[in-house]
Amino acid sequence: MRDLPKIELHLHHEGAAPPSFIRGLAKEKGVDLSGIFTEDGGYAYRDFWHFLSVYEAATSVLQSPEDYARLTRAVLEESAANGVVYSETFLSPDFCGGGDIAAWREYLAAIREAADEAERDLGITLRGIVTCIRHFGPERARPIAECAADTAGDWLVGFGMAGDELKGKPSDFLWAFQCAREAGLRITVHAGEWGGAASVRDALDALHPERIGHGVQAIEDLALVDRLAEDGIVLECCPGSNVTLGVFESWRAHPIETLRERGVKVTVSTDDPPFFGISMTSDYENLARTFGWDEEVFAEVNRTALDAAFCDAATKEKIAKKLGDSAT
Ligand code: ADE
Ligand code: ZN
């Protein structure tokens, strides 16, 4: 399973930071982060909302473009070791320069340089999606969208929203999403991880994303499932994340297979893998074990992901060759 070529569309850059990497940075900078680690060296949190605050505490030691360059290398080494050939990562100018455009440009340049180097050394291709953070509020999202619009292009390809889905409404963020869309950025929104089917509807109606981050709680409303299928909305499913955080009580209870059977375009990603003790390999193994997914299903899911990727056609062609078929 590890060697199967994979595409990952939903990965939070800081959420992919190995705990040992964050511990090392904290030590270098003299920051006491002991409270966020378990005794055996993983991240410690009680539930999703505590996870978000531990995530932000871990992120606080990433303080310079150089720190993000090192993080990018560590993240891509781990992804490549799990067979990922193409990845889209969520970046937040909130964390990279505090929403200041000049600072954001420096962070982005450092991340891109590290990604280019990893592409040469490891054969993995990375593209970026800027996310605003829902619980930071719509006013904060405006400069973040301006940062995204200012750097939109062949590498920074999308705009989205992460964070606490139970705070605020998607329509509050209309200005930010319009700004990003006008700059040519493609749109994905986290919804239906915690907020139920209604949250997916709200995101679709207000922000018209082509992809939904998670979206799996749409299963509560079969009319909505039909709408997702008919409109070709792609779900960035993160089943290992959902099971670990308790969105569903077990792999068996996860709706990814039912959604797929009903014609929804599902893809597989890991969200924040070291926080959940998972990897693309372990998620694929669990999907095979639980739902009997075989190479054919994984090939279909990866073709869907490549179609839904926000990169340009030339990049898709190159990645299609790595998938071993003509998926464009
Ligand atoms: N940020 C990082 N991981 C997240 C998740 N699973 N949901 C919402 N925001 C996040
Ligand atoms: Zn996410």
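Both ligands and their constituent atoms are indexed starting at 1 by order of listing.
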Can you give me every donor-acceptor pair (side chain of residues 132-143, partner residue at least two apart or in another chain, under 3.5 Å) with its distance?
| residue | atom | partner | partner atom | Å |
| --- | --- | --- | --- | --- |
| Arg134 | NE | Lys167 | O | 2.7 |
| Arg134 | NH2 | Glu165 | O | 3.1 |
| Arg134 | NH2 | Gly168 | O | 2.9 |
| His135 | ND1 | Asp164 | N | 3.0 |
| His135 | NE2 | Glu56 | OE2 | 2.9 |
| Arg140 | NE | Asp94 | OD1 | 2.9 |
| Arg140 | NH2 | Gly98 | O | 2.8 |

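- For the Zn ion (ligand 2), the neighbouring protein N/O/S atoms at less than 2.8 Å, given as residue and atom, are His10 NE2, His12 NE2, His190 NE2, Asp271 OD1.
- Checking only distances, Ser241 never comes within under 3.5 Å of ligand 1, N or O to N or O.
- The protein heavy atom nearest to atom 6 (N) of ligand 1 is Asp271 OD2, 2.7 Å.
- Ligand 1 lies nowhere less than 4.0 angstrom from a heavy atom belonging to Gly15.
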Candidate pair His13 and Tyr107, rule ring pair (Phe, Tyr, Trp, His ring centres under 6.0 Å), full reasoning: CA-CA 13 Å; His13 215 56; Tyr107 276 82; over 10 Å; no
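- When heavy-atom distances to ligand 1 are checked against a 4.0 Å cut-off, Phe90 has no atom that comes that close, whether in backbone or side chain.
- Using a 4.0 angstrom heavy-atom cutoff, Phe275 does not count as in contact with ligand 1.
- Counting protein heavy atoms only, atom 4 (C) of ligand 1 is closest to His12 NE2, 3.7 Å.
- Each of the following atoms of ligand 1 lies closer than 4.0 Å to a heavy atom of His214: 6 (N).
- Side-chain atoms of Ser92 and Thr131 include a donor-acceptor pair closer than 3.5 Å.
- Put simply, the residue from Pro65, Cys96, Ser64 that forms a side-chain contact (heavy atoms from CB on, under 4.5 Å) with Glu106 is Pro65.
- No side-chain donor-acceptor contact under 3.5 Å links Asp150 to the backbone of Glu146.
- Relative to the ring axis of Phe310, Arg211 places its NZ or CZ within 45° and under 6.0 Å from the centre.
- A salt bridge links Glu257 to Arg260: one of the charged nitrogens lies within less than 4.0 Å of a carboxylate oxygen.
- Counting heavy-atom neighbours within 6.0 Å of Glu249 CD, excluding the residue itself, gives a total of 12 or less.
- Checked against the 6.0 Å centroid threshold, Phe51 and Phe276 count as a close aromatic pair.
- With a 6.0 Å radius and a threshold of 12 heavy atoms from other residues, nucleotides or ligands, Lys29 has its NZ atom above the threshold.
- Within 6.0 Å of the CD atom in Glu261, the count of heavy atoms belonging to other residues, nucleotides or ligands exceeds 12.
- Annotation for ligand 1: atoms under 4.0 Å from non-hydrogen atoms of Tyr55 are 2 (C).
- Listed by atom number, the atoms of ligand 1 under 4.0 Å from Ala162 heavy atoms are 9 (N).
- A cation-pi arrangement is absent between Lys322 and Tyr86 under the rule of less than 6.0 angstrom and at most 45 degrees off the ring axis.
- Considering backbone and side-chain atoms alike, Leu52 places every N or O at 3.5 Å or more from each N or O of ligand 1.
- At the top of the distance list for atom 9 (N) of ligand 1, counting protein heavy atoms only, stands Gly163 N, 2.9 Å.
- Residue Glu193 touches ligand 1 through its side chain alone, judged by heavy-atom distances below 4.0 Å.
- The atoms of ligand 1 that sit less than 4.0 Å from any heavy atom of Asp272 are 2 (C), 3 (N), 4 (C), 6 (N).
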